[in-house]
Amino acid sequence: MSEQLTHSASKKAFRKDIPLIDQIPPRKKHILRGLPESELHVEEFLMNIGPQHPSTHGVLRLVVSMEGEVVKSCEPDLGYLHRTFEKISENRTYQQIVPFTDRMDYLGSMNANWGVAAAVEKLASIEVPERAEYIRVIVAELNRIASHLMWMGAFAADIGALTGFVYGFREREMILDMFEEICGSRLTYGYIRVGGVAEDVTPKFIQMVNDFLKILPDRVTDYHDLITGNVIFIERTRGIGAITLDEAISYDITGPMLRACGLPWDLRKEEPYSLYSKFDFNIPAYFNGDCYDRFRVRMDEIMEAAKIVRQALDGLPEGDYKVKKLARNIKPPVGDVYIRQEAPRGEYGVYMESDGSIKPNRVKYRTPSFTNLSILPLAARGWKIADLIAILGSVDIVLGDVDR
Amino acid sequence: MRFLIDVFKGLWSLFVGLGVTFKYMFRKKTTVQYPEIKKPLADRFIGYVKMMYETEGEFAGHTKCVACMACVVVCPVSCIQVTHDKHPDPTKKRIANDFILDYTKCEFCNLCVEACNFDAIIMGHDYELSFYDRADMDMILVKDKKYNDDLYAASRRQTGSEYRPIIAPREREIVDVINKREHEERLKKQAEKSPAQQSE
Amino acid sequence: MDVILGLLYVVILFSLVAVQVLILVFMERKVSAWIQSRIGPNRVGPWGLLQTTADIIKLITKENIRNIQSDKVIFFLAPILAFVAPFAGFVTIPVAENLGIQDLNMGAVYVFALGSSMVFSVIWAGYGSNNRYALIGAMRSAAQMISYEIPLVTSVLGVFLIAGTLSMREIVALQESGTWYVIYQPLGFILFLVAATAEANRAPFDLPEAESELVAGFHTEYSGMKFAFFFLAEYTEMLVACSLMTVLFLGGWLIPFVDNSQIPWWIHIFVFIFKVYSMIFLMMWFRWTFPRLRVDHLMQFGWKVLLPFALVNLVVTGAVALWLKS
Ligand code: SF4
Ligand code: SF4
């Protein structure tokens with residue numbers, strides 16, 4: 001009977017030691033796959049979660065069939081936010097595409113801009129000034145911090161700790177202020193353009209970044225005290241929604257979700273683009289592939305990103321912030337290009353095909369949220385409805401990024 | 001025993017969390033009391049597209065826009081329409097007659113401002129851009145400064161907003177109505193005053 | 001004559017409780033705001049004091065919406081019962097030496113009995129509204145309330161053992177001279193605090209209304225005044241729980257190390273209110289710090305942690321009491 005229990009974790013509530021910082025040994029083969037074959041006749045119970053639901057992070061609809069509180073199957077229903085960005089991009093000049101990418105991953109706009117800019121630059125062989133690359137690294141990493149902070153808050157709120165939500169937003173606000181300082185927008189930046197960045201950084205921006213980096217470690221310690229170490233949080237997340245590395249790879253999971261499964265795969269290290277080979281940083285990885293490890297990976301990434309920002313800020317060279325002479329309408333030679341970068345949510349890819357005109361012939365975005373969401377039915381199977389929300393939260397989806 | 005230790009460890013972690021929230025209870029609050037206190041905006045803040053006018057010289061009050069169409073071309077969502085007239089200044093060819101901006105479409109991407117070589121449009125610093133009617137979002141950034149100023153004043157009276165450039169076609173009528181009403185009120189006040197003065 | 005007097009008491013009690021709830025809701029908002037580095041309500045009235053009043057007015061004037069497939073009678077009765085049960089619990093709670101509606105000699109039992117009838121209203125609400133979120137919320141709530149009832153009562157049995165009575169007033173009177181029962185029963189106090197939080201459906205045990213999973217739990221379908229009743233009930237229940245804590249463990253209206261017979265009754269009232277509000281603050285602080293437990297963890301915590309500890313507490317207390325007596 002005991003093997004039939006779905007929850008290895010729940011059997012031992014409050015009986016585990018609570019390793020706060022030290023690493024948990026690699027998990028044994030988990031027994032979460034098979035659902036219990038109940039002798040009682042239990043009627044299936046269909047529940048519709050979303051598209052307007054407090055915790056689906058946007059307009060995602062989940063059709064969940066349950067046995068009591070246990071999720072038997074869960075099917076995401078997408079498309080409520082579909083805006084045909086790929087098609088739109090094929091009808092715009094290369095420079096005009098950039099503002100649209102803001103609307104895809106609206107929590108990591110800088111990274112989304114960068115992918116397109118880098119793709120066009122590679123297609124048209126444009127050489128970007130070094131200062132621009134430094135600025136790009138700084139803003140992209142700051143955006144990663146902002147995105148993870150926001151995620152941390154939303155995840156804590158999913159678990160029920162509403163205070164963490166506000167704390168996450170409070171620090172994110174400081175980053176938004178910085179972005180407002182350099183590009184005038186707080187959410188849809190459109191800052192990284194083809195051939196550089198839109199405008200140069202200001203001394204005030206550098207001052208703000210310095211201030212932020214000074215207080216960040218303190219605040220992160222607070223988050224760890226408030227959330228990571230909390231015994232209820234650990235009970236709610238450890239072992240929950242665990243996926244193995246094989247499953248993660250076969251589902252093409254990338255980003256923090258993959259790193260939580262034990263593979264420190266990060267495009268910034270594996271295929272260093274831009275200036276990432278110059279900086280010294282680690283790729284945090286944990287082994288269990290559960291919600292708790294996803295949380296810890298992201299929290300560690302905040303600190304690593306802060307390290308990169310620090311180094312980039314110190315090494316910021318003088319020079320141009322964008323290519324001086326850039327044609328108003330770029331006409332890249334015929335060819336195609338695939339650029340992939342490490343966005344906060346995982347691998348963000350841009351495929352572009354040029355037919356020699358001012359508009360691309362074909363554009364395809366490979367957005368991390370979409371592929372990462374595909375594992376939800378597998379990861380959520382056999383868990384309770386409360387865990388489903390936690391698992392969904394830990395995937396870190398942005399619906400704009402999923403639906404495009 | 002292990003059980004007891006776990007319970008106490010768990011309790012301790014809860015106390016640590018309580019400590020964090022207690023600490024922030026007495027810290028400085030981060031809230032900005034919005035309508036009264038507004039956060040200072042960055043210089044580069046992107047609010048809305050604002051028309052610039054010649055401030056000096058013979059043609060002061062005329063728009064700087066020469067209807068070169070650079071912004072129209074560069075706008076990714078084609079939300080700008082410009083019609084033109086002959087410029088009163090013989091050294092210049094054309095002047096914008098109507099500069100219509102469809103705010104329902106605008107992405108606030110700043111590309112149009114960067115494209116303009118004549119500094120005719122800039123990004124304003126207003127973020128309170130809400131409207132009651134979709135038609136109001138077709139803003140006409142017109143050429144005549146006087147007309148524009150009228151509208152600004154009217155919208156300020158109406159909404160209390162400092163910058164709101166409501167320049168919808170219907171707005172002209174509103175301005176007229178408001179002006180008329182104010183005029184009538186003034187007349188009424190004078191009428192009230194004068195008998196009182198007479199009785200004294 | 002008695003009937004009129006009784007009715008008068010009820011009206012006074014109702015208005016007092018309603019005002020208390022208004023204050024509590026306001027306090028909850030302020031406390032949560034402070035914890036979260038915010039300011040909290042400050043627009044309606046001085047210092048935002050009238051915010052909850054405005055909310056209540058909004059709720060009263062709101063349209064009453066009922067799901068057409070809901071069970072009419074049950075749907076209507078649930079919020080009424082939800083409010084009446086904890087409200088009636090106030091009858092036995094002594095606020096000051098001679099203040100309090102009725103001192104039953106089984107006072108404590110009466111309050112606990114009424115508290116457990118709350119579960120009916122929750123089940124009715126969940127079943128009557130014909131909504132799946134509500135049903136799940138109600139089921140959770142029933143399981144939770146039933147399993148926390150036991151540690152709740154077991155944890156206070158120690159107090160009754162020491163006091164030798166079930167009358168609230170006598171229990172307070174026995175705590176004269178600064179020997180609050182929290183000193184004799186620290187474990188009992190903590191257990192009672194936890195169990196009472198769960199019994200009142202407060203975070204971290206607010207599963208019945210876990211908003212990230214179940215929208216609003218058992219009262220998802222309720223709006224307007226009916227919703228206000230559930231709202232009122234939650235805070236009333238909290239008030240009752242904290243009053244019980246004050247009476248049973250914190251010496252009620254008594255000020256320690258002072259000759260309490262010399263102190264006027266109105267100071268006693270303030271002392272009582274101060275103690276109750278401190279406990280309420282504690283509960284709010286918990287709510288805005290901790291995440292929510294999962295339903296099976298909750299059960300296991302109740303049965304495997306709270307109950308054994310409560311039993312141990314009871315046995316040790318009994319043994320010591322026996323030893324002292326002999
Ligand atoms: S800001 Fe962008 S979208 Fe708006 S009018 Fe200018 S170019 Fe067009
Ligand atoms: S605003 Fe500037 S770019 Fe646009 S038409 Fe006028 S002068 Fe040309």
Side-chain angles (χ1 to χ4, degrees), chain A residues 5-7 9-15 45-50 52-57 64 66 68-70 153-171 173 225-228 230-237 240 383-390 392-393, chain C residues 28-29 31-40 131-140 143-144 194 197-198 201-217 220 284-306 308-309:
Chain A
L5 276 175
T6 36
H7 297 262
S10 63
K11 278 193 293 183
K12 291 180 266 169
F14 289 88
R15 282 225 190 144
F45 185 72
L46 263 188
M47 199 155 92
N48 180 43
I49 300 185
Q52 289 90 17
H53 184 275
S55 63
T56 44
H57 305 273
V64 188
M66 298 192 304
E69 288 239 354
V70 180
F155 186 59
D158 282 345
I159 300 287
L162 291 168
T163 300
F165 183 68
V166 184
Y167 287 175
F169 269 69
R170 185 184 58 196
E171 269 70 75
E173 187 67 20
D225 285 350
L226 182 67
I227 302 172
T228 322
N230 190 306
V231 65
I232 305 175
F233 180 81
I234 295 174
E235 280 304 322
R236 278 300 301 279
T237 52
I240 306 295
W383 295 102
K384 295 229 158 39
I385 181 84
D387 297 328
L388 170 66
I389 302 299
L392 177 62
Chain C
E28 174 106 60
R29 290 185 176 171
V31 169
S32 69
W34 291 335
I35 283 178
Q36 301 176 345
S37 310
R38 296 185 286 119
I39 295 174
N131 175 314
R132 289 183 178 174
Y133 293 123
L135 190 62
I136 295 182
M139 289 303 157
R140 283 181 176 185
Q144 173 180 342
V194 175
T197 317
N201 288 340
R202 296 276 305 173
F205 307 103
D206 61 344
L207 293 144
E209 45 201 89
E211 71 262 3
S212 61
E213 303 139 32
L214 296 180
V215 189
T220 306
M284 290 178 178
W285 188 11
F286 287 167
R287 171 168 180 183
W288 295 103
T289 306
F290 299 146
R292 184 183 306 117
L293 269 83
R294 205 174 66 195
V295 63
D296 51 336
H297 293 158
L298 182 89
M299 291 297 144
Q300 292 187 356
F301 182 65
W303 291 104
K304 292 189 181 166
V305 180
L306 282 188
F309 273 108

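All values reported here derive from a predicted model rather than from experimental measurement.
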Query raised in the report: Which residues satisfy the side chain to side chain donor-acceptor pair (under 3.5 Å) test with C:S37, sequence neighbours excluded?
Result: A:R170
Query raised in the report: Any side-chain heavy-atom pair from C:Y133 and A:N48 closer than 4.5 angstrom?
Result: no
**Report entry** Non-hydrogen atoms of A:T163 and C:T289 that approach each other most closely
**Finding:** OG1-N, 4.4 Å
Query raised in the report: Is the closest side-chain heavy-atom distance between C:R140 and A:I385 below 4.5 Å?
Result: yes
Report task. Please round to the nearest 0.5 Å and tell me the distance separating atom CD1 of A:I232 and atom CZ of C:R292. Result -> 11.0 Å
Query raised in the report: Got A:M66 and C:I136 here, is their nearest side-chain heavy-atom distance under 4.5 Å?
Result: yes
Query raised in the report: Which atom pair, heavy atoms only, marks the closest approach of A:Y167 to C:Q36?
Result: CE2-CA, 3.8 Å
Report summary line: Of all heavy-atom pairs linking C:H297 and A:E235, the shortest is CE1-O, 3.1 Å
Requested in this report: Check whether A:I227 gets within reach of chain C through its side chain, its backbone, both or neither, counting any heavy atom under 4.5 Å.
Outcome: neither
Requested in this report: Could you tell me which residues satisfy ring pair (Phe, Tyr, Trp, His ring centres under 6.0 Å) with C:F309, sequence neighbours excluded, listed by chain and number?
Outcome: none
